[in-house]
Amino acid sequence: MCPKDIASASSAGARLRNRHSRVAIEMTSSPNTAGIGLRLAHLSEMIATRPSCGWLEVHPENFLANPHAAELLIALSASYPISLHSVGLSIGSATGIDQKHLRRIAELAARVDPVFISGHLAWSVYGNEYLNDLLPLPYETESLEVVVRHVHQVQDVLQRPFLIENPASYVGFQSSTIPEAEFLAQVTGRTGCRLLCDISNVVVSANNLGYDPCAYIDSLPAAEISEMHLGGYTPEPDEATAGAEVFIDTHAAPISQAAWDLYRYALGRIGPRPILIEWDNNLPPLTLLLAEAERAAEIRMEVGHAASY
Amino acid sequence: MPRLTEIQSHFRDTVVSNGKTRVGLSLTGGSDPSKRLLIHQRNYQSSLIEALRTKFPATEWLVGTRLLAEAAASFIQEYPPTAPCIAEFGATFPDFLATRVQHVGYVRDFGRLEWFVGKAAIAVDESPLDGSLFSSIDEDSLPDLILTLQSGTHYLNTNWPVDELMVLYLNDTAPDQLELIPCDGCIEIRGARGEFQINRLETGDSIFRQCIFAGLSIGAAAERALDASRCFDPGRALAALLESGLVTAIRQPE
């Protein structure tokens, strides 16, 4: 082993030790219950009624540009654990990540003390353009290096493990050489980041790309998963294949039975994790969102994991 | 194998373009995976058009849904967002819209007024400066001082009474037909925490306040205002500014 390798191994060891100590903190302070995605339309009602709910997750991009909403979020953080789920970090961008945006997220995190900060295994930025969608990555050596580099950058600024969510996919790449679950495992192994397993995304991608959703759950590194998501999707005729349906990750509908069933399966394979109900479009009354969270908590009980909601 | 930048360049062009898919990529997903790219194109278009409609409901009321949606669709193709917070997207849309709706001469100013109203309503105000602080300030040093205004303050110079039009919209009292008569002026928009005010200012006051807003000293702002209006009264203007609660801080020049 050359000196450079020794230095590198030593640095990796230190990172691993840091990683384990940070994870220990995270696991003791995170809310292992059911929560909801909080959108601006429900913010005032949430403030006024303070309903029972395990935790709240917000898109920081909605609050960074809205000082009044940020002020209300900070008030809510005294009553509920808050998670920041970024839709603008774009860790898969070949053209780099926006350091200014990353710093803004870190500043918001300093004010709400979030239990998690997460993002997506996807990209949305090309150059200086934000394409406002979560776009797919090929899974091969170059993209792995890009994602690992950006996760390191994010964690260096945030000073905490970042959570990466498995994507909802409509297309894959013939050039991919690494299965998605293995790609995620390599990213966690090399960066110390954690995983956010979106159960509904697994249902969506499995339908659209033609694989077994249970086998995908089985192939994920369960010990690295810190959070789960459930959200609604919308089936529509698939223009790519006559007579077939493509599932669109709209977050605009109730959670499907297929997603609830896969959630039960994942609970059995992975164990209980903080679970979040996501709903972004055609937003229902707050009470319906809370009812969906309650259902997720009940399923945990049925599967045999004690849950507090 | 294409490089990641090449793949993402292909995707960018497909997502932003309207109705065209620039394929050139070997994809999987269904019998004809390239058609799945239209899902991403649709996501981009529908989310951003909806974002603009949400920001400009009064402007949509003025020009109609079809015109606004068509202009928004063109705008997002020519000017994709350059910031991750979509709430910050659309500041230049009124200028773009004005090039598409040339028969409504005041649409640009009306759209800009609506943009400022939206910005003011989400601002957070701070405690205003106590005006009595000024009594302890040496009269000779007063002109050099620089004031900070509430963050939810904006100024719009316009040749049209778009503030009156906005009031008609907000009160839902617009007549079936309305002829706006051009009139020069400056509108002050201020607000915080979901509320806002729209005030039309006299020439001297408008110059004075806009100079203060731009970071000029009290003395420099007053000189500019006097140049524009012989009847401008600096003492009265400063007192009115303090009384309005718009001043949050005072500092010496660096």
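Only heavy atoms go into these numbers, but all of them, side chains included; no hydrogens, no water, no symmetry mates. Sequence lines set the chain letters: A, B, ... in the order given, protein chains first and strands last, and positions in each chain run from 1.
- Within 6.0 Å of the CD atom in Glu50(B), the count of heavy atoms belonging to other residues, nucleotides or ligands exceeds 12.
- Looking at every heavy atom in both residues, Ala65(A) comes nearest to Glu88(B) through CB-CG, 3.5 Å.
- Between chain A and the residues Gly194(B), Gly30(B), Pro81(B), the largest count of heavy-atom pairs under 4.5 Å involves Pro81(B).
- The nearest pair of heavy atoms linking Cys85(B) to Arg104(A) is SG-NH1, 4.1 Å.
- For the atom pair OG1 of Thr82(B) and CD of Glu129(A), the computed distance is 8.5 Å after rounding to the nearest 0.5 Å.
- Both the backbone and the side chain of Val171(A) come within less than 4.5 Å of a heavy atom of chain B.
- Screening Asp249(A), Asp133(A), Thr250(A) for a side-chain hydrogen bond (donor to acceptor under 3.5 Å, both in side chains) with Asn43(B), the sole residue that qualifies is Asp133(A).
- With a 4.5 Å cut-off on non-hydrogen atoms, Val87(A) does not touch chain B at all.
- The existence of a salt bridge linking Glu236(A) and Arg36(B) is excluded, since no basic side-chain nitrogen approaches an acidic carboxylate oxygen closer than 4.0 Å.
- In this structure, Arg200(B) places its CZ atom where more than 12 heavy-atom neighbours from other residues, nucleotides or ligands lie under 6.0 Å away.
- For Asp172(B), the CG atom counts as loosely surrounded, since its 6.0 Å shell holds 12 or fewer non-hydrogen atoms of other residues, nucleotides or ligands.
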> After noting the C-alpha distance and the side-chain angles of Ile39(B) and Val246(A), does the key distance pass the side-chain contact (heavy atoms from CB on, under 4.5 Å) rule?
Replying inline: CA-CA 10 Å; Ile39(B) 296 169; Val246(A) 63; 4.0 Å; yes

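- Between Phe11(B) and Trp123(A), the angle of the ring planes goes over 60°, which puts this pair in the perpendicular group of the 30/60° scheme.
- With a threshold of 4.5 angstrom between heavy atoms, Asn128(A) approaches chain B through its backbone and through its side chain.
- At a 4.5 Å heavy-atom cutoff, Ala51(B) makes no contact with chain A through either its backbone or its side chain.
- Between the CD1 atom in Ile7(B) and the CG atom in Leu135(A) there is a gap of 12.5 Å [rounded to 0.5 Å].
- The distance from the OG1 atom of Thr28(B) to the CD atom of Gln174(A) is 7.0 Å, given to the nearest 0.5 Å.
- With rounding to the nearest 0.5 angstrom, the CG atom of Asp280(A) is 11.5 Å from the OG atom of Ser47(B).
- Considering only heavy-atom pairs separated by less than 4.5 Å from chain A, the leading option among Ala192(B), Pro80(B), Ser151(B), Ala121(B) is Pro80(B).
- Taking each heavy atom of Tyr130(A) and Pro84(B) in turn, the nearest pair found is CE2-CB, 3.2 Å.
- Annotation: side chain of Phe173(A) is not in contact with side chain of Ser26(B) (no heavy-atom distance under 4.5 Å).
- By the neighbour-count criterion of 12 heavy atoms within 6.0 Å, atom CD of Glu45(A) is densely surrounded, having more than that number from other residues, nucleotides or ligands.
- Closest non-hydrogen pair, Leu4(B) versus Glu142(A), comes out as N-OE1, 3.0 Å.
- Note that CG of Leu38(B) and CD of Glu239(A) are 6.0 Å apart. Values are rounded to the nearest 0.5 Å.
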> Hey, mind stepping through Ile248(A) and Arg42(B) against side-chain contact (heavy atoms from CB on, under 4.5 Å) and telling me if it holds?
Replying inline: CA-CA 11 Å; Ile248(A) 310 294; Arg42(B) 188 179 66 197; 3.8 Å; yes

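- Here the CG atom belonging to Asn132(A) is positioned 13.0 Å from the NE2 atom belonging to His40(B), to the nearest 0.5 angstrom.
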> For Gln8(B) and Leu137(A), what are the C-alpha separation, side-chain angles and deciding distance, and is it a side-chain contact (heavy atoms from CB on, under 4.5 Å)?
Replying inline: CA-CA 9 Å; Gln8(B) 294 187 349; Leu137(A) 280 170; 3.7 Å; yes

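- Residue with the most contacts toward chain A among Ile76(B), Asp125(B), Leu48(B): Leu48(B) (heavy-atom pairs, distance under 4.5 Å).
- For chain A, the nearby part of Ile86(B) is the side chain; its heavy atoms alone come within less than 4.5 Å.
- Of the residues considered (Ser93(A), Ala244(A), Ser124(A)), Ser93(A) shows the highest number of contacts with chain B, using heavy-atom pairs under 4.5 Å.
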>> Could you go through Arg3(B) and Glu140(A), starting from their C-alpha distance and side-chain angles, then the distance that decides it, and tell me whether this counts as salt bridge (Lys or Arg N to Asp or Glu O under 4.0 Å)?
In response: CA-CA 10 Å; Arg3(B) 296 292 308 264; Glu140(A) 28 74 359; over 6 Å; no

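- The two residues Ser31(B) and Thr241(A) make their nearest non-hydrogen contact at N-OG1, 2.9 Å.
- Residue contact with chain B, scored on non-hydrogen atoms closer than 4.5 Å, involves the side chain of Tyr126(A) exclusively.
- Proximity to chain B (any heavy atom under 4.5 Å) is shown, for Asn66(A), by both the backbone and the side chain.
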